[in-house]
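Chain A is the first sequence line, chain B the second, and so forth, proteins listed ahead of strands; every chain is numbered from 1. Computed from a predicted model, the values in this text were never measured in an experiment.
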Number of protein chains: 2
Amino acid sequence: MATISRYMNRNAPVSQEAGERISQVMMDLNYTPHAAARHLATRRTQTIGIVVHNIHTDFFPPLLSGVEQVVSENQYNLLVATYKASETKNQPPLGPHNTDGMLVFADCLSDEQLTQMCIIKFPLVLLYRTPPPYLKIPFITIENKAATCKLIDHLIEAHDRRSIVFLRGPRGQEDSNWREQGYISSLEAHGIPVRSDLMLDGEFRGPSAYLSIKNLIAKNKSCFDAVFAGNDDAAMGVLTALQEAGLRVPEDVSVVGFDDSRLTPFLNPPMTTVRAPTDEVGRVATRQLFNLLQEIPVEQEILLPTEIILRRSCGCVHELVPAL
Amino acid sequence: MATISRYMNRNAPVSQEAGERISQVMMDLNYTPHAAARHLATRRTQTIGIVVHNIHTDFFPPLLSGVEQVVSENQYNLLVATYKASETKNQPPLGPHNTDGMLVFADCLSDEQLTQMCIIKFPLVLLYRTPPPYLKIPFITIENKAATCKLIDHLIEAHDRRSIVFLRGPRGQEDSNWREQGYISSLEAHGIPVRSDLMLDGEFRGPSAYLSIKNLIAKNKSCFDAVFAGNDDAAMGVLTALQEAGLRVPEDVSVVGFDDSRLTPFLNPPMTTVRAPTDEVGRVATRQLFNLLQEIPVEQEILLPTEIILRRSCGCVHELVPAL
DNA sequence: CCTATTGAAGTAACCGGTTACATTAAATCA
DNA sequence: TGATTTAATGTAACCGGTTACTTCAATAGG
C-alpha cells in the first residue's frame, strides 16, 4: 500500500518493477484514487473556491474564466459558489473545510467572516475590495477613480455636457464608491455643482438602471444630457429607457459605461466605456492565491490599470468596426 | 463523538441538554466539520460537477447560473471544470473520486469516457447531446431543427432571400448537426438547391465566423444575401465582417443567430434569433441529476422547446425596445 | 572485512468523521 | 412487579489514503 502511494506521488524511490506492476494493475482495475481520503490524510483539498454574487451578469464570465485558467494550469479544482453575507444567515458554503484557499468577490463575505478566516490563517485573496484595516489580506483592485474622472472630463470637455447623471453601484461595493469619487472630483475640477438629484441608484444592473432613468425622465425629460451608468450592464438599461422616451444617444444624451464587457462594441450605438481587465484580475488573483498556498511572499496590494475607450455613445465619431 | 455526529446529522435522538452543550461548544470553538472526513466516511461528496468547454462565451453563463441555482438550493457544492476530451490526453478532472454526479456538456467527454462512468454507475446527465445508443444516460436537448427550419423559412418567405450562408458549429456537436438539417430541409422544401460553397465553418464563435465571412466576401461580395450564423456569438463576428466590407444589415444581407443570448436585442441591428432556454436547461438537468442521486426515476430524454424571435437583423421592422 | 549509506518495501498510526453494535437508564406494558 | 421497549450515549471498526518509523538487502567507504 505504502509503495503504491509513493509511486503515485513520486515522493520516494520505487523499483522499476514495482512501478510497472502498479501501473498495470491500476489500468486493469481502472483505479482512481479517492480524493476525500487523500484530502483527509494530507489536509489539502487540491481545490480552491471562489465566492461571487451571481454568475449571469456579463461581468463574471471573464473573471471566472481567468480564474479557471490558472486553476487548471495548477491541476487544482475550482469550487464556485454564489453567496452574499448581507442576504442570508447561512454560513458561507466555502471555507477551510472544503477548499485550500478562497477568492472573495467584493462584499460577498462580511468583515467578521473575513476575520474568522484570517484567525485560522486560511489563505484568502480579495477581488475588487480592500480588507478592513486590521486584516492583512492580499487584494486585487482596478483603477476606478482616475478612469471615471477622465471619462467625465471627456463628457464635459469634448461634448460640453453639464448635467451628468451618475448611477451608483450596489452599496457596500468599493468600485462604486471610487467611481463616485471620480465623478465628483471631475465635476468639481470643472466648477460644476454636484447635484444629488442626478445621483441615482443603478446597482450595476440593467433593470435597476432602467427604472432609475425612467423615473428621472418622468420627472423632467430634459434635466440631464449625459449618463454615467456605473457599468456596462446598467448602461444597457439606460439605453432602453432613453430609447423608450424617444431620446437619441448620443445626440440628446451621452451614455457611458464601465468594464468594456464583450458586447459593448456591438451595442447601438457602440458604447464608450472604461476597459477593465476583468479576466486578468481573475488570473492575477488566482496566481496570488497559489503563491499564498505555497507560502511564497505575495504583494499585498495589486492595482490593475484601466483605460477609457471612446466609441459613439458619448458623442465621439467612431468609425471603427467592433474588434472581436 | 458519536453523539456529536448524531446531533449534527439529526439522524438519531439526542437529549436536549447534550444538544445545547454541543452547539455551545461548537460556537466557542468555531467548529466546522471537515468535509473530506465526512466524504470518506459517507462515500458522498455533497458535490456535483459540470464539465464545459470554456466559460467565457455568452452561452455558458446562463447555463452555469441555472445549474448553480439548483445546486445551492440543494445545499450541494458545485465543481466547475473546463475540459475537452478531443484536445487532451489527461483524465477528466471530475469524476467519481470528487463528485457524486456530473453534468456533461456536449462532447466534452468521449464515448469511452462516458462508458467507463456508466459501468461504475456513476450518475450523469448530458447537456446538449444524446448518449451513444448502447448507454442509458438521461439527457437534455433543445429543439434545434424545427426552429432553424422556421427561421430559414422566414428568410426565404418574408425577405425573399435565396443565397443563405450557413455557418456550422464545432464538429461533433449535435446542435450544429440538427441546425444544419433544419437549414437543408427548409431549402429543399422551397426548392432551393443546397450549395456547399455557402456552408462554412463558424464554430459558434465570433472570430471564426468573422474569418469565414471575410473569406467569402473576398471571393465574391455579392454571392449571398443572408447568413445563418449558427449561434449569436458567431453572429457578432458576422456583423463585424459585413460592416467592414460595407455591407448593410439587413438591407444587403440578413443575419440571424441562435440562442437569444442576453445581448442580442442590444446589437446593431437587434438580432433575429432563436430563443433557447439555456438557464432552464441548466436547472432541469441539475434537477434530473439530483433525482438520479436519490434514485428517483427520471425521464430519459427531455427536449426543451425553442422559439424564433424576429428583430431587425433579418429585415423585419422592429420597433420594440430591448427588454431587460 | 566491517561499518555506514542508500534503495526498496513493509508496518501501523493517523487524518476526522460515520455508524453498527453494545450498554445503560428510564418509560411502557402486561 | 418483572419483562419489554425506547431514549440516550458509549465503543470501536471503518472509509482510503499518507507518512513516520522500521526492516532488510545491496552497495560504498575506510
Side-chain angles (χ1 to χ4, degrees), chain A residues 1-47 49 75-77 79 91 93-101 116-117 120-123 293-294, chain B residues 1-47 49 75-77 79 91 93-101 116-117 120-123 293-294:
Chain A
M1 267 200 49
T3 303
I4 296 166
S5 173
R6 289 190 274 252
Y7 172 76
M8 299 203 56
N9 298 313
R10 309 189 182 293
N11 53 8
V14 171
S15 71
Q16 175 100 22
E17 186 229 331
E20 279 162 12
R21 268 178 58 211
I22 290 170
S23 80
Q24 182 58 50
V25 174
M26 272 178 40
M27 295 289 282
D28 293 351
L29 267 52
N30 215 285
Y31 168 85
T32 25
H34 193 296
R38 212 171 223 184
H39 299 167
L40 184 56
T42 57
R43 288 82 160 303
R44 308 253 251 55
T45 60
Q46 291 282 323
T47 300
Q75 316 256 48
Y76 256 61
N77 291 120
L79 271 181
Q91 287 293 102
L94 266 36
H97 54 289
N98 56 6
T99 55
D100 294 344
Q116 288 301 332
M117 299 191 161
I120 57 171
K121 308 225 152 128
F122 184 63
L293 294 184
Q294 294 162 67
Chain B
M1 267 201 48
T3 302
I4 295 165
S5 173
R6 288 190 274 254
Y7 172 75
M8 298 204 58
N9 298 312
R10 310 192 180 289
N11 54 6
V14 170
S15 71
Q16 174 100 23
E17 187 227 332
E20 279 163 9
R21 266 178 59 210
I22 291 170
S23 79
Q24 181 59 50
V25 174
M26 271 178 41
M27 296 288 284
D28 293 351
L29 267 55
N30 216 285
Y31 168 85
T32 25
H34 193 294
R38 214 172 222 180
H39 300 166
L40 184 57
T42 57
R43 287 84 161 301
R44 308 253 249 54
T45 61
Q46 292 281 324
T47 300
Q75 316 256 48
Y76 255 61
N77 291 122
L79 270 181
Q91 286 293 103
L94 266 36
H97 54 288
N98 56 6
T99 56
D100 294 345
Q116 288 301 333
M117 298 192 163
I120 56 171
K121 309 227 152 123
F122 184 63
L293 294 183
Q294 295 160 69

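- Taking the screw axis at each terminus of the helix from C:dC1-D:dG30 to C:dA30-D:dT1 from five consecutive base pairs, the angle between the two is 40° to within rounding of 10 degrees.
- A 4.5 Å side-chain heavy-atom check between B:Ile120 and B:Gln116 finds every atom pair outside the cut-off.
- Taking every heavy atom of residues 39-47 of chain A and every atom of DNA chain D, pairs under 4.0 Å involve A:Leu40, A:Ala41, A:Thr42, by number.
- Between the side chain of A:Arg6 and the base of C:dG10, a donor-acceptor pair under 3.5 Å is found.
- A heavy-atom distance below 4.5 Å is not found between the side chains of A:Tyr76 and B:Pro93.
- For B:Met8 and A:Ala18, each mapped to the nucleotide of DNA chain C holding its nearest heavy atom, the one lying further toward the 5' end belongs to A:Ala18.
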Open item on the list: As a quick check of understanding, evaluate side chain to side chain contact (heavy atoms under 4.5 Å, CB included) for B:Asp100 and B:Phe122, giving each step before the final call.
Closed with: CA-CA 8 Å; B:Asp100 294 345; B:Phe122 184 63; 5.8 Å; no
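- Using a 4.0 Å heavy-atom cutoff across all strands shown, B:Tyr7 reaches no nucleic acid atom at all.
- Phosphate contact (OP1/OP2 of C:dG10, side-chain N/O of A:Thr3, threshold under 4.0 Å): present.
- One can place CD1 of A:Ile4 at 14 Å from C1' of C:dA8, the figure rounded to the nearest angstrom.
- Where DNA chain D meets chain A (any atom under 4.0 Å from a heavy atom), the bounding nucleotides read 5' to 3' are D:dG16 to D:dA20.
- For the pair A:Asn98/B:His39, no side-chain contact is recorded, criterion being any heavy-atom separation below 4.5 Å from C-beta on.
- Side-chain atoms of A:Met8 and A:Tyr31, non-hydrogen and from C-beta on, do get closer than 4.5 Å to each other.
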